[in-house]
Amino acid sequence: MPTHLSPPGTVPPSPTTAAANQEKEFNIALLGAGGVGTIAALVLEKSGRARVTAILRSSYAVVSEKGWAIESVDHGVLGSWRCERVVQTIEEAVFPEPQPSPPIPTGAPTPMEAARERYDYIVLCTKQLPEKYNLAEMIAPLVTPGLTAIVLIQNGLNIQDPFIKAFPSNVTMSAVSMIGSFAEPPNVVKHIGPDILQIGPHYHAGVPDVVSLEKTKTFVQMYSEGGAKSCEFVDDMPKARWSKLLWNGTYNSICALVEVHVGDVQSSGAKEGLVLPIMRELQAVAKEDGVLLEDEVVQFMAERSPRSSRWQPSMLLDKVHGRPMEFEVILGAPIRRGRELGVPTPVMSTVYELLKLVRWKVENPGEDGEPHIG
Ligand SMILES: CC(C)(CO)[C@@H](O)C(=O)[O-]
């Protein structure tokens with residue numbers, strides 16, 4: 001199967017991997033092997049079509065020695081699972097140049113030079129924290145122009161833009177994930193809610209639509225074959241992302257701010273007082289942005305989790321563990337888009353300002369000063 005279809009002038013040498021004749025067709029680099037990313041690595045390898053290189057930082061030593069201990073609602077219990085390759089840095093993930101072949105005797109047939117291995121897909125499952133790091137810049141050494149497709153399994157609005165700008169001849173696709181999975185460092189992954197994804201291409205001028213479509217459908221097929229509960233191709237990715245934002249922009253933000261579970265928001269009246277007003281603001285900004293989120297979609301997202309749910313959204317987990325919260329792409333981005341389009345977002349902006357205050361306090365924990373008001 002062809003692994004590249006690119007605009008003229010950008011086609012890299014073929015084959016894409018030194019082992020192109022092997023059964024596994026695709027080289028995949030994966031960054032962000034937490035709860036979501038480790039399950040993605042497992043699914044991709046279970047498909048039998050991919051060799052996954054996971055780039056790990058803090059958990060590298062433990063995972064390379066013992067593997068991951070996974071308890072998964074979709075895949076069962078795996079005491080020690082490792083993907084094909086684990087490395088510690090992006091530089092190590094880059095495939096080495098093939099060794100030059102030894103001189104051959106005169107008259108012998110010239111052997112084919114081995115091609116350098118390349119990545120067909122890069123899957124990003126990290127937090128989206130554009131205020132802290134530039135992911136597009138970080139992954140550049142792994143990207144072959146016109147070949148490597150970028151897959152963003154991440155939260156947030158318009159997260160694809162920096163990648164399309166940095167890699168204008170590459171396919172970029174993204175996934176909205178409704179998986180319930182979390183990591184207990186260094187190597188335990190608890191996957192308690194089924195892996196349900198929607199994946200679609202972000203069409204752009206640098207790549208023919210037919211190419212974006214083909215690479216995305218191939219990825220969706222591979223992910224489905226790997227045993228995900230549900231992996232659906234969606235053609236209208238902007239709408240899918242805005243729809244997911246209805247959930248992340250409300251439940252993630254509110255749960256993180258006041259440290260409650262999703263079910264508490266349902267039971268306490270905060271759904272009516274905060275969730276639905278924010279969802280209506282998101283719906284209004286999306287509409288001006290050309291995306292129609294029907295009332296039924298809003299209602300579905302508002303009711304999605306039951307009152308009994310003890311689920312802790314990722315932003316809450318980040319807050320309680322003192323990690324950076326990804327509210328810039330979840331709330332900041334739609335607020336800024338609303339401002340550009342002249343749509344007021346007073347409730348969302350208040351929650352956003354409160355989250356900024358929380359972030360400031362985490363970054364400035366000092367107790368200096370006088371304990372009086374004046
Ligand atoms: C919705 C969600 C639980 C899916 O994993 C996730 O986006 C989260 O918590 O941020």
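Just the heavy atoms: all of them, side chains too, but no hydrogens, waters or symmetry mates, feed the values below. Order of listing sets the numbers, starting from 1, for every ligand and every atom in it. Count residues from 1 along the sequence.
- Residue, atom and distance of the protein heavy atom nearest to atom 10 (O) of ligand 1 are S314 OG, 2.5 Å.
- Every atom of ligand 1 with a heavy atom of W247 under 4.0 Å away is listed here by number and element: 1 (C).
- No side-chain donor from either of S174 and Q154 sits under 3.5 Å from a side-chain acceptor of the other.
- Interface of N252 with ligand 1, defined as ligand atoms under 4.0 Å from a residue heavy atom, comprises 8 (C), 9 (O), 10 (O).
- Expressed to the nearest 0.5 Å, how far OG1 of T216 lies from OH of Y121 amounts to 7.0 Å.
- The pair E294-K239 meets the salt-bridge criterion, since a charged nitrogen lies less than 4.0 angstrom from a carboxylate oxygen.
- Side-chain contact, S181 with H191: no donor N or O sits under 3.5 Å from an acceptor N or O.
- When only non-hydrogen protein atoms are considered, atom 5 (O) of ligand 1 lies nearest to I179 O, 2.5 Å.
- Heavy-atom proximity to P313, at under 4.0 Å, picks out these atoms of ligand 1: 9 (O).
- By the 3.5 Å distance cut-off applied to N or O atoms, N155 is counted among the residues near ligand 1.
- Of all atoms in ligand 1, numbered sequentially from 1 with element shown, those under 4.0 Å from a heavy atom of M178 are 1 (C), 4 (C).
- The protein heavy-atom contact nearest to atom 7 (O) of ligand 1 is K244 NZ, 2.9 Å.
- Protein heavy atom nearest atom 3 (C) of ligand 1, with residue, atom name and distance: W311 NE1, 3.3 Å.
- A salt bridge between E326 and K132 is absent, with no side-chain N of the basic residue lying under 4.0 Å from a carboxylate O of the acidic one.
- Using a 4.0 Å cut-off between charged nitrogen and carboxylate oxygen, K271 and E303 count as a salt-bridge pair.
- Rounding to the nearest 0.5 Å gives a distance of 8.0 Å between CG of D195 and CD1 of I153.
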